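A quick write-up on the structure given underneath.
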Amino acid sequence: MRYWLFKSEPDDYSISDLQLAGEQGTCWFGIRNYQARNFLRDELQVGDLVLFYHSSCKQPAIVGTAVVTKTAYPDPSATDPQSPYFDAKSTEAQPRWFSVDIQWQSTFYQPVTLSFMKQHPPLAQMYLIQKGSRLSLQPVTAEEWNIINKLGVNG
DNA sequence: GCCAACGTTGGC
DNA sequence: GCCAACGTTGGC
């Protein structure tokens with residue numbers, strides 16, 4: 001079992017939206033970066049745990065957790081001409097992009113903000129806070145997950 | 001809105 | 001295969 005961090009712009013899809021999706025969970029579509037795609041397609045397993053991060057917003061922060069409920073399958077938005085994520089080079093026969101399903105697990109009592117993480121030495125190695133880091137799906141260590149989950153749950 | 005950092009594209 | 005131009009991400 002492994003740990004990951006997913007970014008989402010809350011204006012597009014927030015932790016509340018994920019919670020509202022309920023037990024069905026939601027299809028995580030629209031990943032259009034090859035490195036993130038490879039993690040998604042090759043490494044994410046059912047039961048893997050996810051830190052849910054709000055990006056491009058007033059207070060960037062990890063706001064809750066989720067769990068992977070379905071491994072990779074072709075991203076439906078890639079072959080949907082109506083979707084902003086449509087990619088003509090991705091076909092049903094040879095999909096280029098993939099999705100997984102995730103399900104809401106918790107919303108933090110206290111969001112763990114980016115600025116806090118930058119100032120917290122035990123989290124100094126996090127990929128998220130490295131200079132120039134932009135990956136929208138990235139691995140997290142068990143230690144990082146434990147620290148952040150504790151902070152978020154307990155405030 | 002600015003801009004640094006990074007990824008992708010395409011001509012050569 | 002190089003690299004300039006362009007597009008995107010995302011904090012500030």
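Given the structure is predicted, the values throughout are model-derived calculations rather than measurements. In what follows, chains are A, B, ... by sequence order, proteins preceding strands, each numbered from 1.
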Worksheet item: Base, sugar-phosphate, or nothing for A:K118, non-hydrogen atoms under 4.0 angstrom?
Response: sugar-phosphate
Rounded distance (Å) that lies between atom [atom2] of [N] and atom [atom1] of [X]:
X	N	atom1	atom2	answer
A:M117	C:dG10	CE	C1'	14 Å
A:H54	C:dT9	NE2	P	17 Å
A:R37	B:dG7	CZ	C1'	14 Å

Out of [options], which nucleotide sits closest to the side chain of [X]?
X	options	value
A:K7	C:dG11, B:dC6, C:dG10	C:dG10
A:Y34	B:dT8, C:dG10, B:dG7	B:dT8
A:R134	C:dC12, C:dT8, C:dG10	C:dT8

Item to complete: Ignoring hydrogens and angles, answer whether the base of C:dT8 and the side-chain atoms of A:R32 contain a donor-acceptor pair closer than 3.5 Å.
Response: no
Worksheet item: Between A:D87 and A:W97, does any side-chain donor sit less than 3.5 Å from a side-chain acceptor?
Response: yes
Worksheet entry | Donor-acceptor pair between A:Y34 and A:R41 side chains, under 3.5 angstrom | no
Worksheet entry | Any residue of residues 124-132 of chain A with a heavy atom less than 4.0 Å from an atom of DNA chain B | A:K131, A:G132
Practice prompt. Please answer whether the main-chain N or O of A:G30 pairs with a side-chain N or O of A:D75 as donor and acceptor at a distance below 3.5 Å.
Written response: yes
Worksheet item: So is A:K118 actually on top of A:F116's ring, under 6.0 Å and inside 45° of the axis?
Response: no
Item to complete: Evaluate the ring planes of A:Y13 and A:W28, with Trp represented by its six-membered ring, and classify them as parallel (under 30°), tilted (30 to 60°) or perpendicular (over 60°).
Response: perpendicular
Worksheet item: Would you say A:F29 and A:I102 are hydrophobically clustered, going by side-chain heavy atoms of ILVMFWY under 4.5 Å?
Response: no
